[in-house]
Structures are given as C-alpha cells and as structure tokens.
Student: 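Here's a structure for you.
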Amino acid sequence: MIKKTEKIWMDGKFVDWDKANVHVMTHTLHYGLGVFEGIRCYETGNSPAIFRLKEHVERLFKSAHIFMLKIPYSQKEIENAIVQTVKINKIKECYIRPIVYIGYGAMGLYPKENPVNVAVSAWPWGAYLGEEGLKKGIRVKVSSFIRNHVNSQMSRGKVCGYYINSQLAKREAISCGYDEALLLDTEGYVSEGSGENVFIVRNNRLKTTPLTSILEGITRDSIMEIARDNGIEVIEERFTRDELYIADEAFFTGTAAEVTPIREVDGRTIGAGKPGEITRKLQSVFFDIAKGRNKKYKSWITRV
Ligand code: PPE
C-alpha cells in the first residue's frame, strides 16, 4: 500500500490526501491520454534534495507537447509546485509524481473543451525492485510482449496509456517467477524494461540501447555522464538478447529502480551472478550524487 502523506497539489491548491479525488468521468481514466513524471527526492543530511528536477519538468512539458496537451502552467510554476509539495509534507525522502490529465467534460476521443488538470503528489517509496534486488541483483525475463512500434508509442513521451503494455510484460515476468520484464523492439533488439532503461558491460565497455525505441531516461543520461567522467567508455548501440546473455554485467536504470543490477536473464546467469565491479561503482557514485555527497554534480540536485 502507498504510504499516505498530508497534501497533494491539485491545479494550484493544496488538498488533503484523502480529498484529492477526481470524477469517475475524468477523460484520462477512460482513454489513457495523460502524461506524467517520476522524480525522486533524497535526504542529504541537512535538507531533502530533488534529483534533476528541471530535466524532469522539461520532459513533462515535452510529453505534453507531443500529445498536444496544453499545460496551463509554466515550467517554473510546476517546478515550484513540486518543491512546495515536498516541503509542505515535511518528507525527507520521497518519490514525486506530477501528472497532467484531461479532466471532466465531454466523452469521446476529441475532448476539445475539457480542462487539462495537473496534480503533484509525493510519498515515501522504497527500493522499486526490493532492497535485496538493489544489493544482489534481480532476475529478468525477456517478455513475449514487444515494445509498441515507435510510430505508436512515441518514445520521447511518458504517457499513461503506454503502461498497459508494460503491465502485460511485468505480469508475465512475475507469473513466470522473475522480478522484472525486458521488452524487445519491433525488430527484435533489446529496448527497455517495463519501467527502466537497460545497460550491459562487456570487456569493460558500457553499452546501452540508443534512443530509438526507449524513453529518454534521466537516470540513463546521468549514468552515461558519470561513467564517462570515471573513464569508462560508453556506447549507444542496438544489441540483441543473446549479447545480454553473454554480458559481463547488466543493470537497469530508472527513477524508481535507481541502479538495479541484473543477475540473471531467462535462466542464464549474467557474469558471476552478482553485481559486477562497474555496476557497483556506478551505483555508488549515483547515490553519492543524489544524496548530496558529491559536490561536482551539485547542479543536479535542487535543495528543498
Ligand atoms: N523506461 C521506461 C518505460 C520508464 O517507465 C522509465 C521510468 C524509464 C525508462 C527510466 O526513466 P528515468 O526515470 O527518467 O530514468 N519509469 C518510471 C515509472 C515507474 C512506475 O512504476 O511508476 C520511474 O522510474 O519513475
């Protein structure tokens, strides 16, 4: 169950958590067109800090632009709403979920007059794939469901309806005894997890899927920059599932998943079956930055 906090920002006002309701005829609930973000805030010792706030809000607006949703606020106003939501709830570490949705009005697929509503909630959310997964690695299944074609699931957007495909994949993986699903693209190359980007390490080189059929992950971007700064070569290149099977190391990245090592894929052990050296290094630098312990990347965090 979600851990409740006190207030949720809805269209410019703070509302009690239990009263933050929408009408059952809310358009997005029926048709799935809404855009959202997932952002994390970490305790830094003297204040909570939001990780890459500006980039997340920018992506929210880009998602809305692709789907022709007009957000009735500026990016600055949404950034501010997010900071205030963390502040008012007095939480130190949390996950933040801004959502832009088509509200109550007409039904049907062309809701010209319906309002575009915005809400921001924040609540404590621990390790997405479990504490143990974060430490020891998880078991992944290549899904029988493919990631939707890029001309339907346009990958620069983070859109509510996209996640029905992710849920099919996730349910299948779990019903088969795995922790998470990995989807292939329409041409059979590795694309992304149900809610994560994927990386492999082979011969000390880091490889990740290019931005053709995946969400432009902000954690992915952060990890690539951290790797390069640490002298690790990074390439963005398509790869197949068997290259993943023979990788020395593999891991998922995402706001919720953070940096989660992968120790097994489709019954094949990855590397030594435990988090590899490069994965552990990148994971540790990532948490140091997010938790305000690495001054070099202080522009990535917004103190609350
Ligand atoms: N791919 C997908 C499909 C995806 O949903 C996410 C984030 C990523 C890649 C990584 O993106 P980024 O967070 O910017 O590094 N998934 C979000 C939703 C998770 C959920 O279950 O809800 C997240 O991690 O917040």
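For ligands, and for the atoms within them, numbers begin at 1 and follow the listed sequence.
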Student: E93: which residues meet the salt bridge (Lys or Arg N to Asp or Glu O under 4.0 Å) condition with it, sequence neighbours left out?
Tutor: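 With neighbours one apart ignored, the set is empty.
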Student: Quick one: list whatever passes side-chain contact (heavy atoms from CB on, under 4.5 Å) with I99, sequence neighbours left out.
Tutor: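 Partners of I99 under the side-chain contact (heavy atoms from CB on, under 4.5 Å) test: F36, Y101, A119, C160.
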Student: Please check if the side chain of H27 supplies one atom and the backbone of L109 the other of a donor-acceptor pair under 3.5 Å.
Tutor: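 Answer holds: no.
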Student: Between Y128 and W125, what is the ring plane arrangement, given parallel below 30°, perpendicular above 60°, and tilted in between?
Tutor: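 Taking W125 first and then Y128, their aromatic rings stand perpendicular (interplane angle over 60°).
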Student: Short N or O contacts of ligand 1 with protein, under 3.5 Å, listed by atom name?
Tutor:
residue: ligand 1; atom: 1 (N); partner: E192; partner atom: OE1; Å: 2.8
residue: ligand 1; atom: 5 (O); partner: K158; partner atom: NZ; Å: 3.3
residue: ligand 1; atom: 5 (O); partner: Y163; partner atom: OH; Å: 2.5
residue: ligand 1; atom: 13 (O); partner: T255; partner atom: N; Å: 2.8
residue: ligand 1; atom: 13 (O); partner: T255; partner atom: OG1; Å: 2.6
residue: ligand 1; atom: 14 (O); partner: R59; partner atom: NH1; Å: 2.8
residue: ligand 1; atom: 14 (O); partner: R59; partner atom: NH2; Å: 3.1
residue: ligand 1; atom: 14 (O); partner: I218; partner atom: N; Å: 2.7
residue: ligand 1; atom: 15 (O); partner: I218; partner atom: N; Å: 3.3
residue: ligand 1; atom: 15 (O); partner: T219; partner atom: N; Å: 2.9
residue: ligand 1; atom: 15 (O); partner: T219; partner atom: OG1; Å: 2.5
residue: ligand 1; atom: 16 (N); partner: K158; partner atom: NZ; Å: 3.2
residue: ligand 1; atom: 16 (N); partner: G195; partner atom: O; Å: 3.2
residue: ligand 1; atom: 21 (O); partner: Y128; partner atom: OH; Å: 2.5
residue: ligand 1; atom: 22 (O); partner: R97; partner atom: NH2; Å: 3.0
residue: ligand 1; atom: 24 (O); partner: T255; partner atom: N; Å: 3.3
residue: ligand 1; atom: 24 (O); partner: A256; partner atom: N; Å: 2.8
residue: ligand 1; atom: 25 (O); partner: Y95; partner atom: OH; Å: 2.5

Student: Who are the side-chain contact (heavy atoms from CB on, under 4.5 Å) partners of A290, not counting sequence neighbours?
Tutor: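 By the side-chain contact (heavy atoms from CB on, under 4.5 Å) rule, A290 matches Y42, F51.
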Student: Against R52, only a single residue in T302, D221, T255 fulfils side chain to side chain donor-acceptor pair (under 3.5 Å); can you say which?
Tutor: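 Output: one option passes, namely D221.
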